[in-house]
Amino acid sequence: MLAMDLLLKRRSCPRLAAPAPDSCELETILQAGLRAPDHGSLQPWRFIVAQGDGLLRLGDIYYQAMQAQGADEAALQKAQNMPQRAPVVISIIAKVTKEHKVPEIEQIISAGCCVHAMQMAAQAMGYGGVWRTGDLCYNAMVEQGLGLAENESLVGFLYIGTPVTEPSAPKTLLVDDFVSFL
């Protein structure tokens with residue numbers, strides 16, 4: 001896939017199924033994330049990959065977090081099944097070095113760039129992906145269940161797999177609506 005086509009036609013694919021990237025492809029996707037812009041060479045990120053039984057464990061973490069919030073049975077089951085929406089879910093974690101010359105926001109943005117790079121790499125290989133956040137992404141019990149340290153926070157979950165349907169064409173956006181010049 002040509003790089004410019006990849007960038008200009010990027011679409012999230014929320015409906016994903018097997019096959020998933022194999023171990024070599026997953027390694028390449030993760031390597032793409034490691035090439036994200038990184039002011040100060042802090043490498044302010046880490047990743048947790050869930051596949052197979054790991055998806056079930058992630059679902060249990062979601063379930064327990066929702067249960068602690070008093071969710072009803074339907075919401076609990078929905079939360080538990082969320083990781084099953086794709087054969088691979090990568091949790092992207094920002095590891096912030098506080099009181100560093102590189103501002104915390106830049107470190108978090110760098111981790112966000114990892115997500116984008118990994119999604120683009122997956123798409124270049126013919127897979128689809130969607131970057132999900134939502135309430136569970138910012139939930140202290142989910143962070144605890146994933147073993148996050150005090151200086152860490154989730155920036156999202158990247159769901160990867162084979163698209164079930166062809167994503168819709170990207171909406172045409174006009175540069176003039178978003179850009180001004182000095």
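Computed from a prediction, not measured in an experiment: that's the story for all the values here. Computed from heavy atoms alone, side chains included, the values below leave out hydrogens, waters and symmetry copies. When a residue number appears, it is its place in the shown sequence, counting from 1.
Annotation: Arg85, atom CZ; neighbour count of heavy atoms from other residues, nucleotides and ligands within 6.0 Å is above 12. At most 12 non-hydrogen atoms from other residues, nucleotides or ligands lie less than 6.0 angstrom from CZ of Arg35.
Ile93 and Val102 fall into different hydrophobic clusters, where Ile, Leu, Val, Met, Phe, Trp and Tyr residues are linked whenever their side-chain heavy atoms come under 4.5 Å apart, directly or through other members. Residues Met141 and Leu136 are members of separate hydrophobic clusters, defined by side-chain heavy-atom contacts under 4.5 angstrom among Ile, Leu, Val, Met, Phe, Trp and Tyr. In the hydrophobic clustering of ILVMFWY residues, with side-chain heavy atoms under 4.5 Å counting as a link, Ile109 and Leu154 come out apart. The cluster map of Ile, Leu, Val, Met, Phe, Trp and Tyr, joined by side-chain heavy atoms under 4.5 Å apart, puts Leu8 and Val175 in different clusters.
Atoms CG and CD, on Leu56 and Gln84 in that order, are 5.0 Å from each other to the nearest 0.5 Å. Atoms CD and OH, from Gln119 and Tyr159 in turn, are 13.5 Å apart once rounded to the nearest 0.5 Å. We find the NE2-CD distance between His100 and Glu106 to be 11.0 Å, quoted to the nearest 0.5 Å. For the atom pair CG of Leu16 and OG1 of Thr165, the computed distance is 9.0 Å after rounding to the nearest 0.5 Å. Leu146 contributes atom CG, which lies 10.0 Å from atom CG of Asn139 (distance to the nearest 0.5 angstrom). Distance check, rounded to the nearest 0.5 Å: CD of Gln67 to CG of Asp60 gives 10.5 Å.
Membership of the apolar cluster around Tyr127 extends to Leu26, Ile29, Leu30, Leu34, Trp45, Phe47, Val49, Val88, Ile90, Ile92, Val96, Ile108, Val115, Met118, Met125, Trp131, Val155, Leu158, Ile160, as traced through chained side-chain contacts below 4.5 Å between ILVMFWY residues.
Side-chain contact annotation: Glu73 with Gln77, donor-acceptor N/O pair under 3.5 Å present.
Considering every non-hydrogen atom in both Gly128 and Pro163, the closest pair reads N-CD, 3.6 Å. Of all heavy-atom pairs spanning Arg46 and Leu148, the tightest one is NH2-CA, 3.8 Å. Counting all heavy atoms, side chain and backbone alike, Arg132 lies closest to Pro14 at NH2-O, 3.4 Å. Closest of all the heavy-atom pairs between Gln51 and Pro87 is CB-O, 3.5 Å. Shown here for Pro83 and Gly59, the closest heavy-atom pair between the two residues is CG-N, 3.5 Å. Of all heavy-atom pairs spanning Val130 and Ser12, the tightest one is CG2-CB, 3.8 Å.
In this structure the side chain of His116 reaches within 4.5 angstrom of the side chain of Arg10, judged on heavy atoms. Pro44 is listed as a side-chain neighbour of Asp38, based on a closest heavy-atom distance under 4.5 Å. Met4 has its side chain out of reach of Leu6: every pair of non-hydrogen atoms, C-beta onward, lies at least 4.5 Å apart.
The ring pair (Phe, Tyr, Trp, His ring centres under 6.0 Å) test applied to Phe157 returns Tyr62, not counting sequence neighbours.
Residue Lys98 is tested with Glu152, Glu104, Glu150 for a salt bridge (charged side-chain N to carboxylate O under 4.0 Å, His left out); the sole match is Glu104.
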- Task: Please assess Glu143 against Ser153 for the test side chain to side chain contact (heavy atoms under 4.5 Å, CB included), listing each intermediate value before the final yes or no.
- Result: CA-CA 7 Å; Glu143 290 179 348; Ser153 60; 4.1 Å; yes
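No side-chain donor-acceptor contact under 3.5 Å links Asn151 to the backbone of Lys95.
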